[in-house]
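One is the number of the first residue; the rest follow in order along the sequence. FYI, side chains are in, hydrogens and waters are out, and symmetry mates aren't considered; it's all heavy atoms of this structure. Here the structure is a predicted model, which is why all the values come from computation and not from measurement.
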Amino acid sequence: MAMASENYRAARDFLLEHRENYDKAVAEFRWPDITGRWNWATDYFDGYARGNDKTALWIVEEDGSEEKFTFAEMVTRSDKLAAWLTEQGLGKGDPVILMLNNQVELWDAMLAIMKIGGVIMPTTTALQAADLADRVARAGAKAVIANPVDTGKFYRIAETDPQVTLMSVGDGGPGWTDMRAAQDRAEAPAWEAQTEVEDPLLLYFTSGTTSKPKLVKHTQVSYPVGHLSTMYWVGIKPGDTHLTIAGPGWAKHAWSCFFAPWIAEATIFEYNYSRFDAAALLGQMERAGVTTFCAPPTVWRMLIQADIAGKQGSLREVLAAGEPLNPEVIEQVRANWGMTIRDGFGQTETCAQVGNSPGQPVIPGSMGRPLPGVPSVLIDPVSGEVTATEGELCLDLSANPVGLMAGYQGDEKRAAASMKGGYYHTGDIAAKDEHGTVTFIGRTDDVFKASDYKVSPFELESVLIEHPAVAEAAVVPAPDELRLAVPKAYVVLAAGWEASEDTAYQILKYAREHLAPFQRVRRLEFGELPKTVSGKIRRVELRQREDELAGAGQRAQGEYRDDQFPGLKG
């Protein structure tokens, strides 16, 4: 275990040393040799955190109240909670649903469940009773940790499965045990590794943009070791203060609100708010001295609508993830802050795969290049062969992609399909230039043909969102007798714009002027977009709607078409 942790730290230090030397990092990085019994929480985190009085976690609330916890305190708190969890009958291999907000107990539980060899099931608080009952059943959960405000959502489990241990942060009502009692212990012994490297550590449900959410299984190595690539992409260093805006329950939270910062021995900063306020967020970031910041494109788009000039504070690295970032946003941040937002790519099933790493030139709209140790390749969807220009982004299984999931639990068919032909298939189509820079084109399920031309919804959406009337847009194929399909845009309007014929004309005209003829958006409809609970657009629902309307020979009420405007015909 000691040797494994030394290997781990050596690999980390190599990436830190060469954080701005991409070519050397890619050429010489090797994943650490970690075999046998090993546990990230006991063998790595505790190793540097015990007795360490530097701030590990800093949580600020909307009302200005805050809490700070040192690394040493996080060791003690998680040791105590681990001992308490074993007293509740939990141990190695037991899946635990963890449904908390950004509160210290979330990080306590992540570490503690890891220490006892349990399996963490991060779960968003947005889920309701039916979803939770399904997840408990599909994952075979042995316990639940939730806040009192959410315990009522588990009434089905409480009634039908009394074997599930119910724990709450506070008084959760009848049948629930208050886990705060764990911190009342005078002391708790230090923990030693309970796990082998291939043992499960995390179970994540995917967002389910095109089908029923899959249950992704990660091991004691795939995320704790694999996220060395994420640390490298973020550019985080020891002593940094890092903020990622991500909701607990989703993989990105583990990526950048847990593993990457603490791998680097940096402070995790969290600012909790009920309603987004750009000025308040930037003010807190400046006060805390946040140095590295990652946010989804939605947050970046809201930020640039505010006055951000000169308000970058102590920021050194700014990043985006979750979906491709529009070039316009990158340019506005660069103009105001003199910094370039660096995009990156990965999935729940993986760690960071591709990214614009620190110090490298960024091509707006590009995801960057394959990260050190991550064998990313493009595969021709038809021939199944490696291609140098455009294809499905995959991982070469023969090269041992450490940050890859162990599989989809309870769904061997889909797991096998994702690994066919010796590659892990992401389902994302991308293009690569002569420098190895990868640019997202679209999901395999979303790219479609119009007049025999391949159309990427993202490319069209990126143009639409540049128009001041457009807050959000989703493009899908609408069946058409002449062209087989034509691009149709579903548009969410920005504040101050009306869903009128004139607005539709302006948007369609703008798209016509900024897109190639075969990409022309020919239909448009205003309205809200269907989304997953994680906020990703479910284009599959919009496609189904278009197919149903076409099958019934109907036209959507409120739909505008380019041929109804004299200036747009043709």
Side-chain angles (χ1 to χ4, degrees), residues 8-9 11-22 25-26 29 31 40 44-45 55-58 102 107 223-247 250-271 285 288-297 299-300 312-325 330 333 337 339-348 350-362 366-374 376 402-403 438:
Y8 183 89
R9 178 172 287 276
R12 185 205 75 158
D13 290 347
F14 175 85
L15 291 177
L16 289 173
E17 181 182 355
H18 302 292
R19 57 185 294 275
E20 294 193 9
N21 190 338
Y22 174 84
V26 169
F29 174 73
W31 291 105
W40 185 87
Y44 178 71
F45 181 82
T55 301
L57 180 63
W58 184 355
N102 281 323
W107 283 265
Y223 257 29
V225 179
H227 277 304
L228 285 166
S229 71
T230 307
M231 180 201 74
Y232 181 82
W233 166 60
V234 174
I236 197 166
K237 300 186 296 185
D240 273 344
T241 298
H242 178 76
L243 168 62
T244 283
I245 295 180
W250 302 111
K252 188 61 173 71
H253 194 276
W255 278 41
S256 301
C257 300
F258 188 83
F259 284 113
W262 279 355
I263 288 172
E265 301 179 44
T267 299
I268 297 169
F269 178 76
E270 293 291 340
Y271 174 53
M285 289 169 60
V290 171
T291 51
T292 53
F293 174 57
C294 183
V299 169
W300 280 114
Q312 64 269 39
S314 302
L315 285 172
R316 185 187 71 247
E317 309 289 350
V318 289
L319 306 100
E323 62 184 77
L325 188 64
I330 297 175
V333 171
W337 289 355
M339 290 185 284
T340 301
I341 302 175
R342 297 187 288 102
D343 210 346
F345 172 84
Q347 297 181 311
T348 302
T350 70
C351 299
Q353 295 174 234
V354 175
N356 289 291
S357 55
Q360 306 307 304
V362 174
S366 164
M367 299 188 296
R369 292 184 284 180
L371 292 165
V374 185
S376 297
V402 170
V438 179

**Request:** Tell me, with the steps shown, if Tyr223 and Phe258 meet side chain to side chain contact (heavy atoms under 4.5 Å, CB included).
**Result:** CA-CA 11 Å; Tyr223 257 29; Phe258 188 83; over 6 Å; no
**Message:** Give me each pair satisfying salt bridge (Lys or Arg N to Asp or Glu O under 4.0 Å) with a member in residues 260-271, each pair once, sequence neighbours excluded.
**Reply:** Arg9-Glu265, Arg12-Glu265
**Asked** Are the side chain of Tyr44 and the backbone N or O of Pro224 linked by a donor-acceptor pair below 3.5 Å?
**Response** no
**Asked** Taking only residues two or more places apart in sequence or in another chain, which ones pass ring-ring contact (aromatic ring centres under 6.0 Å, His included) with Trp337?
**Response** none
**Complete:** Interatomic distance, CE@Met339 vs CG@Leu315, rounded to 0.5 Å, equals 5.0 Å
**Item:** side-chain hydrogen bond (donor to acceptor under 3.5 Å, both in side chains) involving Ser357 - partner list, sequence neighbours excluded
**Value:** none
**Prompt:** Which heavy atom in Ala321 sits nearest to a heavy atom in Trp233, and how many Å separate them?
**Reply:** CB-CH2, 3.8 Å
**Message:** The test is side chain to side chain contact (heavy atoms under 4.5 Å, CB included); show your working for Trp107 and Ile268 and say whether it passes.
**Reply:** CA-CA 10 Å; Trp107 283 265; Ile268 297 169; 3.7 Å; yes
**With Pro358 via side chain to side chain contact (heavy atoms under 4.5 Å, CB included) - residues at least two apart** = Arg19, Glu20, Glu317, Arg342
**Request:** Scan residues 250-262 for pairs that pass salt bridge (Lys or Arg N to Asp or Glu O under 4.0 Å), counting only residues two or more places apart or in two chains.
**Result:** none
**Prompt:** In Å, rounded to the nearest 0.5 Å, how long is the span from OG1 of Thr340 to CG of Asn356?
**Reply:** 9.0 Å
**Which residues share a ring-ring contact (aromatic ring centres under 6.0 Å, His included) with Phe259, sequence neighbours left out** = Trp40, His227
**Request:** Please check if the distance between the ring centroids of Trp300 and Phe293 is under 6.0 Å.
**Result:** yes
**Inter-residue atom distance Cys257.SG - Trp262.CH2, 0.5 Å rounding** = 10.5 Å
**Message:** Which residues pass the side-chain hydrogen bond (donor to acceptor under 3.5 Å, both in side chains) test with Thr350, not counting sequence neighbours?
**Reply:** Gln353
**Fill in**
When rounded to the nearest 0.5 Å, the distance separating NZ of Lys237 from CZ of Arg316 is 4.5 Å
**Prompt:** Taking the side chain as C-beta and beyond, is there a heavy-atom pair between Thr348 and Trp250 under 4.5 Å?
**Reply:** no
**Prompt:** Taking all non-hydrogen atoms of both residues, which atom of Ser229 and which atom of Cys351 are closest, and how far apart?
**Reply:** OG-CB, 3.8 Å
**Asked** Are Ser366 and Asp343 side-chain neighbours, meaning at least one heavy-atom pair lies under 4.5 Å?
**Response** no
**Prompt:** Does the side chain of Tyr271 reach to within under 4.5 Å of the side chain of Ile245, using non-hydrogen atoms?
**Reply:** no
**Message:** So which atom in Leu15 and which in Pro372 form the shortest heavy-atom distance, rounded to 0.1 Å?
**Reply:** CD2-CB, 4.1 Å
**Request:** Looking only at non-hydrogen atoms, find the nearest pair between Trp31 and Val374 and report the distance.
**Result:** CZ2-CG2, 4.4 Å
**Message:** So which atom in Leu16 and which in Pro238 form the shortest heavy-atom distance, rounded to 0.1 Å?
**Reply:** CD1-CD, 3.9 Å
**Prompt:** What residues, two or more places apart in sequence or in another chain, satisfy side-chain hydrogen bond (donor to acceptor under 3.5 Å, both in side chains) together with His253?
**Reply:** Asn102
**Item:** Qualifying residues under side chain to side chain contact (heavy atoms under 4.5 Å, CB included), relative to Thr267, sequence neighbours excluded
**Value:** Thr55, Trp58, Thr241
**Item:** Distance in Å, Ile236 CD1 paired with Ile263 CD1, rounded so as to fall on 0.5 Å steps
**Value:** 9.5 Å
**Request:** Measure the SG-NE2 distance between Cys294 and His242 for me, rounded to the nearest 0.5 Å.
**Result:** 6.0 Å
**Message:** Please find the pair of heavy atoms, one from Thr230 and one from Ala352, that lie closest to each other, and give the distance.
**Reply:** OG1-N, 3.3 Å
